[in-house]
*Asks:* 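My structure is below; once you've seen it, I'll send some questions.
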Amino acid sequence: MQWADFLANQAATHSLSPEQTAAFVERLKTENSGKNEAKLASELNIGAAAFKKRMTEVYDKFAQSYPELAASKSRGRLEKLRACLTAKYNGGQDAQPTIKEIHQNIPPAVAFEKFVGREAELQKLHQQLQTSRQVAIVAVAGMGGVGKTELATQYAKQHLQNYQGGVCWLSAQGIDVGIQILRFAELKFKLIAPDDWELADRLRYCWQNWQKGEVLLVFDDVTDYKKQVQPYLPPELPRFKVLLTTRLRFDRTLPQLPLGVLKPLAAMKLLKSLVDRERLQSEPWIARKICKFLGYLPLALELVGRYLSTEEMQDLSLEKLLKRLEKKRLEHEAVAKANPLMRYEYGVAEAIALSWKQLDEKAQGLGCWLSLYALADIPFSVEWIKDDDAQEFWEKAIAQLQKLHLIQCQSKGIYRLHPLIRQFFQMKLDELSEANEVKTAFAAKMVKLAKQIPQQPNRKDIFNLNPFIPHIAEVAIHLSQYLSDEDLIWSFTGLGRFYEGQGLYQQAEPWLQQCVEKAKNRLGLEHRYVAASLNNLALLYESTGRYSQAEPLYQQVLELTKRLVGNNHRDFADGINSLAGLYNSTGRYSEAEPLYLQALALRKRLLGDNHPDVATSLNNLAAVYSSTRRYSEAELLFQQALELRKRLLGDNHPYVADSLNNLALVYESTECYSKAEPLYQQALELTKRLLGDNHPHVAQTMNNLARLYESTGRYSKVEPLYQQALAICEQTLGVGHPSTMMVRGNYARFLRKA
């Protein structure tokens, strides 16, 4: 046996931790005999002090077997330990039974120090195998490429000393497993049962006469437990341990060790073991992006690492490789074919295909459908399906995908796809003749959800719609070509509303800008959706205080709407209302008032007196009257708007809170503080409940209430409200927004006065 394998086994025998084992093996390797500890520590990516501490712990554990180590000075312990282990390796008198005396057929494995990121799994696997009283059947399950076989191989090699009765490695996909067991017994133990016996009797003979000591049987790549494992299990004696590797998920009667992808740091460590350290250090962020793109899958990371290490790819930058991977995905040569130096015979797509082939048509179809969702949690519940047969159809498809670890269940009705599995499913979808129809149906489904996002979403709306936002965005970015003209702008508009309604204007703006471009490019400049998109963008500019950018857009909208539908249309009323709002925000009240009056008259004529848009017009016109100190007229209209909004929208609506705040503002302006205060308090409570504590509308009402307390001499209540309002405005609107500057000015004035 090789010296490195011997060291790994000695580490297991002396119960070294994974960290101690790594330091021990690195220190004792022959080629490292002349290297100092600092150099070895850097190769393990740890500090010199940490390396020294681990080796001290190693010496202490080996001192239990070699007392002379305890008496040695610190400088001589390494040489003494090396001498003891060398004597044992060469079969000295003090040597215990070594690996040469333990029969095994374990396949080759990577060097222990290159097997990274699975230390915890190795420990847990050993614990599970050792604590079972009967046959310990531990399924190391997971998707293709996570390293199930490599984990089993490393475990068998590192814990070989624990299995004096031998380690028998069985390929479930090879020749009959029973024959493999008979051949092992014949070659290793000279056990030959009569040929005329039945296979079960011959196996029983082998088990009864098997070499003494604990035995480990490894069934690799099990796809059918009843056929490949169950008939060949040894008798239920504690000394026989059974380990399975499988892509399947068994029921809970079998102890299982689910194996997922690597952690980000472990993925980088694996890449570092294959690629020059200096090369990765020159592009560290790109290296991390490559690991993330590959979904931290060990197989993919090793393929890419070996690809980068080939002579012809020495000058290839990581950035260029990432761009090529993003373009060609699973078809790129870096991940498509197994490297000749690797024991694994498949590329990533081929590895996933092994599981894909075990799915029936409905499960394959569901996989293709799920691949259209974004790389985020996927809400997919079948409970809404009323037909029992249809519900059962989808439940079975989900179960198949889960059984083969092709989807991960995050919680009830919530699933997630690995990035590379998603790519594979998308490739399979594109091979279907009905691919375009599937994509069209998916895009339409997401648009239907986007249309449910209200102009002013409340907290409940946001909570309910939040799981779907990444998938609506996926349609907007990648599948907009599958949207009908009627549905084109809705994914962008819905996303804009979702973020803008929370005061997250920076997140909303790109979606509204893209909406304008998409509408113009597909529908042309003379289209009502172009006008609607421009209007939404102008509203956002106005909300963020960019009035000079908003005004020309509003004017374009008004001119375009007039050309398309004339001046006796609801869209035209919306257009003049929006432009009037801008004039009001910039103090141009004489220009705002006639437009608001025109919008109100037009809306009443087209929509009737009992419509939310009419209430909005009443509210807006009242705001102009309030700003021009026509308080009696403003009060009357604000009251009408409040009553109408309550009747049409209910008491729990953001627009009702807006009306309460506006009416309170009139009362405050006329020094009717006893009337204003309860309205401000109602507005604040309602706005917080509906929109959350950190919304610009909350800050506005806090500012107003603080001003009222200041006017009535209740100074202890003033400063906390101004502070909270200012913090919210700066966070959501920015330090230069007009509302932020107004609150800051009010607060500064109060501090000077105080």
Side-chain angles (χ1 to χ4, degrees), residues 1-2 5 9 97-109 129-130 132-141 148-157 159-248 250 253-255 343-346 354 357-358:
M1 88 174 268
Q2 298 298 314
D5 290 332
N9 280 285
T98 69
I99 193 169
K100 294 177 182 178
E101 299 169 324
I102 299 177
H103 298 292
Q104 51 87 16
N105 61 341
I106 307 169
L129 281 166
Q130 295 308 305
S132 295
R133 295 180 180 177
Q134 301 297 318
V135 178
I137 303 176
V138 185
V140 181
K148 301 180 293 295
T149 298
E150 193 61 49
L151 179 70
T153 307
Q154 288 289 337
Y155 172 78
K157 282 188 172 295
H159 291 273
L160 190 59
Q161 293 292 334
N162 294 92
Y163 298 104
Q164 298 291 318
V167 175
C168 179
W169 190 280
L170 305 163
S171 173
Q173 302 303 316
I175 62 173
D176 185 278
V177 173
I179 300 300
Q180 293 182 57
I181 294 171
L182 294 179
R183 286 183 178 177
F184 183 90
E186 180 179 346
L187 289 171
K188 305 298 183 181
F189 308 135
K190 310 303 181 188
L191 296 175
I192 304 175
D195 291 339
D196 56 350
W197 286 10
E198 294 291 334
L199 177 60
D201 295 327
R202 297 168 71 187
L203 287 173
R204 191 177 301 108
Y205 171 81
C206 290
W207 298 135
Q208 290 171 349
N209 295 280
W210 202 275
Q211 182 169 296
K212 293 182 179 180
E214 287 202 346
V215 181
L216 177 64
L217 300 172
V218 182
F219 291 77
D220 186 38
D221 198 13
V222 174
T223 55
D224 189 330
Y225 178 81
K226 287 186 176 180
K227 290 183 179 179
Q228 297 168 335
V229 178
Q230 197 172 49
Y232 310 111
L233 289 175
E236 293 188 4
L237 298 173
R239 76 186 190 101
F240 287 104
K241 310 291 183 180
V242 178
L243 171 62
L244 313 180
T245 76
T246 178
R247 293 166 179 263
L248 303 177
F250 295 125
T253 58
L254 293 176
R343 188 160 56 85
Y344 204 74
E345 59 183 307
Y346 301 112
L354 294 175
K357 292 173 183 175
Q358 296 183 52

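Counting begins at 1 with the first residue of the sequence.
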*Asks:* For W210 versus G165, what's the shortest heavy-atom pair and its separation?
*Replies:* NE1-O, 2.9 Å
*Asks:* Quick check for you: to the nearest 0.5 Å, what is the distance between D220 atom CG and W169 atom CH2?
*Replies:* 5.0 Å
*Asks:* With heavy-atom distances below 4.5 Å as the criterion, would you say the side chains of F219 and V242 are in contact?
*Replies:* yes
*Asks:* Determine whether V229 and L170 make a side-chain contact, defined as any pair of heavy atoms from C-beta on separated by less than 4.5 Å.
*Replies:* no
*Asks:* So, for A152 and T245, which heavy atoms are closest and what is the spacing to 0.1 Å?
*Replies:* CB-CG2, 3.7 Å
*Asks:* If a pair satisfies side chain to side chain donor-acceptor pair (under 3.5 Å) and one of its residues is in residues 182-200, list it, with sequence neighbours excluded.
*Replies:* none
*Asks:* What do the steps show when you test Y155 against V218 for side-chain contact (heavy atoms from CB on, under 4.5 Å), and what is the final call?
*Replies:* CA-CA 11 Å; Y155 172 78; V218 182; over 6 Å; no
*Asks:* Could you check whether any side-chain N or O of Q164 sits under 3.5 Å from a backbone N or O of Q161, counting only pairs where one atom can act as donor and the other as acceptor?
*Replies:* yes
*Asks:* Atom CG of L160 and atom CD of Q104: how far apart are they, to the nearest 0.5 Å?
*Replies:* 5.5 Å
*Asks:* List the atom pairs, with distances to 0.1 Å, where a side-chain N or O of residues 173-181 and a protein N or O form a donor-acceptor pair under 3.5 Å, not counting sequence neighbours.
*Replies:*
residue : atom : partner : partner atom : Å
Q173    : NE2  : D221    : O            : 2.8
Q173    : NE2  : T223    : OG1          : 3.1
D176    : OD1  : G178    : N            : 2.8
D176    : OD1  : I179    : N            : 3.3
D176    : OD1  : Y232    : OH           : 3.4
D176    : OD2  : Y232    : OH           : 3.0
Q180    : OE1  : S171    : N            : 3.0
Q180    : NE2  : S171    : O            : 2.8
Q180    : NE2  : I175    : O            : 2.8

*Asks:* With side chains defined as the heavy atoms from C-beta onward, is the minimum distance between V215 and P234 less than 4.5 Å?
*Replies:* no
*Asks:* Quick one: list whatever passes salt bridge (charged side-chain N to carboxylate O under 4.0 Å, His left out) with R204, sequence neighbours left out.
*Replies:* D201
*Asks:* Measuring from atom OH of Y163 to atom CD of Q211, what distance do you get when rounded to the nearest 0.5 angstrom?
*Replies:* 15.5 Å
*Asks:* So which atom in A156 and which in I106 form the shortest heavy-atom distance, rounded to 0.1 Å?
*Replies:* CB-CD1, 3.6 Å
*Asks:* Work out which heavy atom in P107 is nearest to a heavy atom in T153; give both atom names and the distance.
*Replies:* O-CG2, 3.4 Å
*Asks:* Please round to the nearest 0.5 Å and tell me the distance separating atom CG of L191 and atom CG of N209.
*Replies:* 5.5 Å
*Asks:* Please step through side-chain contact (heavy atoms from CB on, under 4.5 Å) for the pair N162 and L129, ending with a clear verdict.
*Replies:* CA-CA 11 Å; N162 294 92; L129 281 166; over 6 Å; no
*Asks:* So, for F240 and P235, which heavy atoms are closest and what is the spacing to 0.1 Å?
*Replies:* CD1-O, 3.9 Å
*Asks:* Find out whether L216 and H159 are in side-chain contact, i.e. whether some heavy atom of one side chain is under 4.5 Å from a heavy atom of the other.
*Replies:* no
*Asks:* Side-chain contact test, heavy atoms from C-beta onward, threshold under 4.5 Å: evaluate it for L244 versus Y225 and give yes or no.
*Replies:* yes
*Asks:* Return the CG to NZ distance between N9 and K157, rounded to the nearest 0.5 Å.
*Replies:* 8.0 Å
*Asks:* How many angstroms lie between CG in L182 and CG in L199, if you round to the nearest 0.5 Å?
*Replies:* 6.0 Å
